[in-house]
Amino acid sequence: MSSELTATDEQPGPCPVIRTIEQIGSEWRLVVLHELQNGERRFNELKRATDASARTLSRVLDDLQEQGFVTRRLEEDAPVASYYRLTEKGESLCPVFDAIESWGEEWLADTGA
């Protein structure tokens with residue numbers, strides 16, 4: 001019996017790392033998720049903090065909400081405002097961001113060369 005895969009055999013799917021990057025890997029998604037680690041933020045606060053256009057930020061927040069990383073709360077008192085915060089799923093990424101930051105500090109530091 002051969003251990004080679006045939007055309008009818010199922011190919012394994014992408015590994016968990018690739019699937020994760022597909023979920024959070026766009027530059028804007030990462031920026032927004034990282035910014036929300038500091039707690040709930042108004043749409044306009046996120047817009048200023050990320051320098052994203054309103055259209056881009058709105059699209060990214062909708063995507064992140066659809067994927068279960070953020071929740072939206074609408075404050076209807078004047079002035080009307082949308083607030084966003086990480087869900088439990090989104091908060092579970094905080095240690096990942098910490099590890100990436102530590103790696104970057106160690107391996108991407110300016111060596112003066």
Side-chain angles (χ1 to χ4, degrees):
M1 185 173 244
S2 172
S3 63
E4 292 183 37
L5 292 175
T6 64
T8 59
D9 291 333
E10 275 192 49
Q11 297 288 324
C15 75
V17 171
I18 300 301
R19 290 196 329 260
T20 300
I21 296 302
E22 288 171 349
Q23 290 279 306
I24 65 168
S26 81
E27 177 183 355
W28 289 115
R29 287 180 188 170
L30 291 170
V31 168
V32 170
L33 289 168
H34 188 264
E35 197 60 41
L36 287 173
Q37 288 184 103
N38 299 320
E40 185 177 70
R41 304 287 295 272
R42 289 177 64 155
F43 182 88
N44 286 333
E45 291 174 322
L46 285 170
K47 188 175 175 295
R48 281 190 299 276
T50 63
D51 287 329
S53 70
R55 179 183 171 144
T56 296
L57 182 58
S58 181
R59 181 183 45 81
V60 168
L61 287 166
D62 287 347
D63 288 347
L64 291 172
Q65 189 175 3
E66 184 178 304
Q67 293 173 4
F69 290 106
V70 301
T71 61
R72 176 179 178 246
R73 177 175 65 87
L74 184 61
E75 187 70 43
E76 295 187 18
D77 295 333
V80 174
S82 294
Y83 292 83
Y84 295 87
R85 68 174 179 80
L86 295 175
T87 62
E88 184 178 347
K89 181 179 179 180
E91 288 175 353
S92 70
L93 289 169
C94 292
V96 175
F97 284 122
D98 292 342
I100 291 170
E101 185 175 351
S102 294
W103 184 90
E105 289 171 352
E106 180 177 349
W107 293 100
L108 302 179
D110 184 9
T111 60

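The residues of the chain are indexed from 1 along the displayed sequence. Owing to the predicted nature of the structure, the values given are computational and were not obtained by experimental measurement.
- Looking at every heavy atom in both residues, Thr87 comes nearest to Gly68 through OG1-O, 2.5 Å.
- Looking at every heavy atom in both residues, Cys94 comes nearest to Leu86 through SG-CD1, 4.3 Å.
- Annotation: the span from Lys47 atom NZ to Arg41 atom CZ amounts to 13.5 Å, rounded to 0.5 Å.
- If you take CG on Leu36 and CD on Glu45, they are separated by 10.0 Å, rounding to the nearest 0.5 Å.
- Using a 4.5 Å cut-off on side-chain heavy atoms (C-beta onward), Asp63 and Arg59 make contact.
- The ring pair (Phe, Tyr, Trp, His ring centres under 6.0 Å) contacts involving residues 17-41 comprise His34-Phe97, where partners must be two or more places apart or lie in separate chains.
- Between atom CG of residue Leu61 and atom OG1 of residue Thr50 there is a gap of 8.5 Å, rounded to the nearest 0.5 Å.
- Among residues two or more places apart in sequence or in another chain, the side-chain hydrogen bond (donor to acceptor under 3.5 Å, both in side chains) test is passed with Glu101 by none.
- Here Gln37 contributes atom CD and Glu35 contributes atom CD; the two are 9.0 Å apart, rounded to the nearest 0.5 Å.
- The distance from the OG1 atom of Thr71 to the CD atom of Glu40 is 7.5 Å, given to the nearest 0.5 Å.
- Residues that satisfy the ring-ring contact (aromatic ring centres under 6.0 Å, His included) test with Tyr83, not counting sequence neighbours, are absent from this structure.
- When all heavy atoms of Val96 and Ser92 are compared, the pair lying nearest together is CG2-O, 4.4 Å.
- Counting heavy atoms from C-beta on, the side chains of Lys89 and Phe69 come closer than 4.5 Å.
- Under the 3.5 Å distance criterion, the side-chain polar atoms of Ser82 are left unmatched by any main-chain donor or acceptor of Phe43.
- Put simply, CG on Leu93 and CG on Leu30 are 9.0 Å apart, with the number rounded to the nearest 0.5 Å.
- By the neighbour-count criterion of 12 heavy atoms within 6.0 Å, atom CZ of Arg85 is sparsely surrounded, having that number or fewer from other residues, nucleotides or ligands.
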